[in-house]
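Below, each value reflects all heavy atoms present in this structure, side chains not excepted, and no hydrogens, waters or symmetry copies.
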Amino acid sequence: MPSVVTYWVEHAWLPHPNGPAVQPEVLITAGPDGRITGVTPRSGPCPAGAVRLAGLALPGQANAHSHAFHRALRSTVQVGSGTFWTWRDTMYKVAAALDPDRYLALATAVYAEMALAGITAVGEFHYLHHGPGGTRYANPNAMGEALIEAAARAGIRITLLDSCYLSAGFGAEPTEPQLRFSDGDADAWADRAAALTDRPHARIGAAVHSVRAVPAGQLGTVAHWAATRRAPLHVHLSEQTAENDACLAAHGVTPTRLLADHGVLGPRTTAVHATHLTDEDVRLLADSSTTVCMCPTTERDLADGIGPARQLASAGCPITLGSDSHAVIDPFEEARALELDERLRTRTRGHWTAGALLRAGTSDGHASLGWPEAGRLEPGALADFCVLALDSVRTAGPSPVLGAETAVFAASAADVRHLVVGGRHVVQGGVHRLVPETGRALADAVAALR
C-alpha cells in the first residue's frame with residue numbers, strides 16, 4: 001500500500017455536533033500507520049489519484065461475539081426440532097473433528113465471509129483449546145494461534161477472547177467432549193493464556209464461558225487476569241432459564257449476582273446474551289457499566305428468547321452485536337433484529353434510531369473488544385470502513401440522507417461492495433482480494449470436518 005492513500009466516496013456517515021449524519025462527496029485519507037489523517041465532506045468531484053468508491057461509507061462493523069467453528073453447523077442443525085441443549089450435542093461433534101490446521105482453514109474462510117459482510121473486527125470467544133481427550137498440543141495455544149493467523153489471512157482484526165471452561169455444570173466434571181475445553185483449573189488457564197501476545201491486527205482478552213462452566217471460587221482468577229492486563233473480559237450470561245435455575249439451586253443467587261459478587265462485572269466486561277434477567281440483574285449490569293452483547297439471529301435460531309435489550313440500554317448499559325453461531329453472518333440483520341424483536345415483544349415501534357443501532361455495531365462494538373480507536377470515520381481513528389451499495393434492489397430509492405435508515409432497515413451483507421482495513425482494500429467490488437473464492441473455501445473447510 002502507498003504511504004498515503006485517499007478514498008473518495010459518494011456518501012459517508014460521519015460524526016457531527018448534532019449527531020452522526022450522511023454527508024456527500026467525502027474524501028478519506030489514510031496514513032502509513034493505517035489511521036485516518038483527514039476526512040473532508042462536500043469535497044466536490046473525485047480528484048485525480050483518489051480511489052473512487054460508489055455508495056455509502058460506514059465505519060467497519062464489529063462482530064462482538066463469534067464462535068468460528070459453529071459456522072460448520074449452518075443448515076445441518078435446521079433439520080428436525082429440539083432445544084439449545086440438543087443443538088449443543090451436534091456442536092460437540094463438529095468440535096471433535098477440528099485440529100489446528102483444519103481450524104485455520106475454516107476460520108480463514110469464516111473471517112473472509114465476515115469481511116464480505118462489512119466486518120472489520122471480530123471478538124472470537126475461544127474455548128476449543130486442546131486435542132482429543134484434553135491432550136495438550138506441543139504449543140498449548142495452537143488452536144488460538146490458528147484463529148489469530150486466520151484473521152490475518154482474511155485481512156481483519158481480531159480480539160481473541162480466550163475462554164476459561166472447566167466444568168460441565170455446577171459441581172460437575174467435564175464430559176468427554178468438554179475435555180478439549182478445560183485446562184483443569186483457572187490457574188492453569190491463566191498460565192496458558194498468558195503466553196498469548198498482541199499483534200498489530202490482534203489483541204488478547206479473556207472470557208468466562210459461563211457460571212456453570214467456571215466454579216464460583218475460580219471466577220476471581222479470570223477477572224484478575226483481565227484486570228491486570230486491562231483486557232476485555234466477556235461472559236455468556238443467562239442465555240437459558242435452565243442456567244438460572246441451576247445457579248439458584250447451587251448458590252442461591254442469579255448468575256448476574258454471582259458474577260458481581262466475584263468481581264467479574266465492570267466497564268471492560270461484556271455480558272453476552274443476558275436474555276433472562278431480573279430487574280436486580282439489570283441494575284447490577286448497569287451500575288457496573290457492563291456492556292451487553294446481543295446476538296439476535298442466534299438467539300432466535302436457538303429459541304433462546306428475546307432479551308431485555310431496551311431495558312438494559314435505558315438503564316445505561318452499552319449494547320453491542322454479534323453473530324455468535326453464524327446461522328447467518330450479517331451485521332445489518334443483527335442491528336435491525338434488535339429493533340424488530342422489541343417491536344414484536346411490545347407491539348410498538350421506534351425503540352432505537354438507526355444511528356443508535358449503527359453505533360452498537362461500530363464504535364461501541366469495537367470498544368468492547370479493546371479497539372476504542374476504531375468504529376468512527378474521523379482523523380486519528382483506524383482507517384477501517386465498509387461501503388454499501390445504494391443502488392441494489394434492497395437499497396435503491398431512498399434519499400442518500402436516509403443512508404443510516406437504509407443500512408439498518410433495508411440493506412444486507414450482500415450490499416457490501418468494499419471493505420478497507422487499516423487503509424488497505426480488503427474487499428473490492430464485492431470480491432475478497434485475499435480469499436477471492438470465499439464460497440469454495442467455506443465449502444472445502446466444512447467438508448473436511450465430515
Side-chain angles (χ1 to χ4, degrees), residues 65-73 91-114 121-166 174-209 213-214 221-222 225-226 229 231-234 326 369-370 434-435 441-442 444-450:
H65 189 66
S66 162
H67 303 295
F69 76 91
H70 290 189
R71 173 61 178 80
L73 298 170
M91 179 268 287
Y92 286 159
K93 294 176 183 178
V94 171
L98 285 163
D99 58 28
D101 290 338
R102 287 176 174 176
Y103 210 1
L104 173 61
L106 177 61
T108 298
V110 173
Y111 295 156
E113 181 182 0
M114 290 185 193
V122 60
E124 184 60 38
F125 197 110
H126 167 56
Y127 56 84
L128 183 54
H129 302 305
H130 308 299
T135 302
R136 272 51 173 171
Y137 292 107
N139 174 357
N141 286 307
M143 296 292 268
E145 292 289 349
L147 292 164
I148 291 171
E149 174 62 20
R153 293 187 182 189
I156 69 172
R157 305 184 194 277
I158 185 172
T159 298
L160 187 74
L161 299 160
D162 196 282
S163 177
C164 186
Y165 191 138
L166 305 173
T175 63
E176 177 64 27
Q178 294 166 335
L179 292 174
R180 298 193 67 178
F181 310 158
S182 177
D183 290 291
D185 60 38
D187 288 329
W189 167 84
D191 287 343
R192 179 186 53 73
L196 292 162
T197 58
D198 289 353
R199 327 286 157 85
H201 79 291
R203 292 178 182 172
I204 307 302
V208 170
H209 179 273
V214 179
T221 300
V222 185
W225 188 98
R229 292 162 174 78
L233 174 61
H234 288 218
H326 314 310
L369 298 179
L434 305 176
V435 190
L442 283 163
D444 290 346
V446 172
L449 304 180
R450 296 192 182 110

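When Arg71, His70, His65 are each tested for a side-chain hydrogen bond (donor to acceptor under 3.5 Å, both in side chains) with His67, only one passes: His65.
Atom OG in Ser182 sits 13.0 Å away from atom CH2 in Trp189 (nearest 0.5 Å). Annotation: the span from Leu104 atom CG to Leu147 atom CG amounts to 8.5 Å, rounded to 0.5 Å. Remark: Glu113 CD to Thr108 OG1 distance equals 13.0 Å, nearest 0.5 Å. With values rounded to the nearest 0.5 angstrom, Thr159 atom OG1 is found 13.5 Å from Phe125 atom CZ. Here OG of Ser66 is found 7.5 Å from CD1 of Ile158. Values are rounded to the nearest 0.5 Å. To the nearest 0.5 angstrom, Arg180 atom CZ is 7.5 Å from Asp99 atom CG.
Between His129 and His126, the ring planes lie perpendicular to each other; the angle is over 60°, past the 30° to 60° tilted range. Relative orientation of the His209 and Tyr127 rings is perpendicular, given thresholds of 30° and 60° on the angle between their planes. Between Tyr103 and Phe69, the ring planes are perpendicular. Angles over 60° get that label, and only those under 30° would be called parallel.
Looking only at side-chain heavy atoms (C-beta outward), Leu73 and Lys93 stay at 4.5 Å or farther from each other. Counting heavy atoms from C-beta outward, Pro232 and Leu369 have side chains that stay 4.5 Å or more apart. Here the side chains of Phe181 and Leu128 are in contact, with some heavy-atom distance below 4.5 Å. Between Ile148 and His201 the shortest side-chain heavy-atom distance falls below 4.5 Å.
Contact detail for Ile204 and Asp198: the closest heavy-atom pair is N-OD1, 2.9 Å. Of all heavy-atom pairs between Ala68 and Tyr111, the closest is CB-OH, 4.0 Å. Scanning all heavy atoms of the two residues, the minimum distance from Asp183 to Ala188 falls at O-CB, 3.3 Å. Considering every non-hydrogen atom in both His130 and Thr135, the closest pair reads CB-O, 3.6 Å. Across every non-hydrogen atom of Ala194 and Arg229, the tightest pair is CB-NH2, 3.6 Å. Closest non-hydrogen pair, Ala186 versus Leu166, comes out as N-CD1, 3.6 Å.
A distance-only check finds no donor-acceptor pair linking the side chain of Arg102 to the backbone of Leu449 [under 3.5 Å]. Using modelled atom types, one side-chain atom of Asn141 and one backbone atom of Arg192 make a donor-acceptor pair closer than 3.5 Å.
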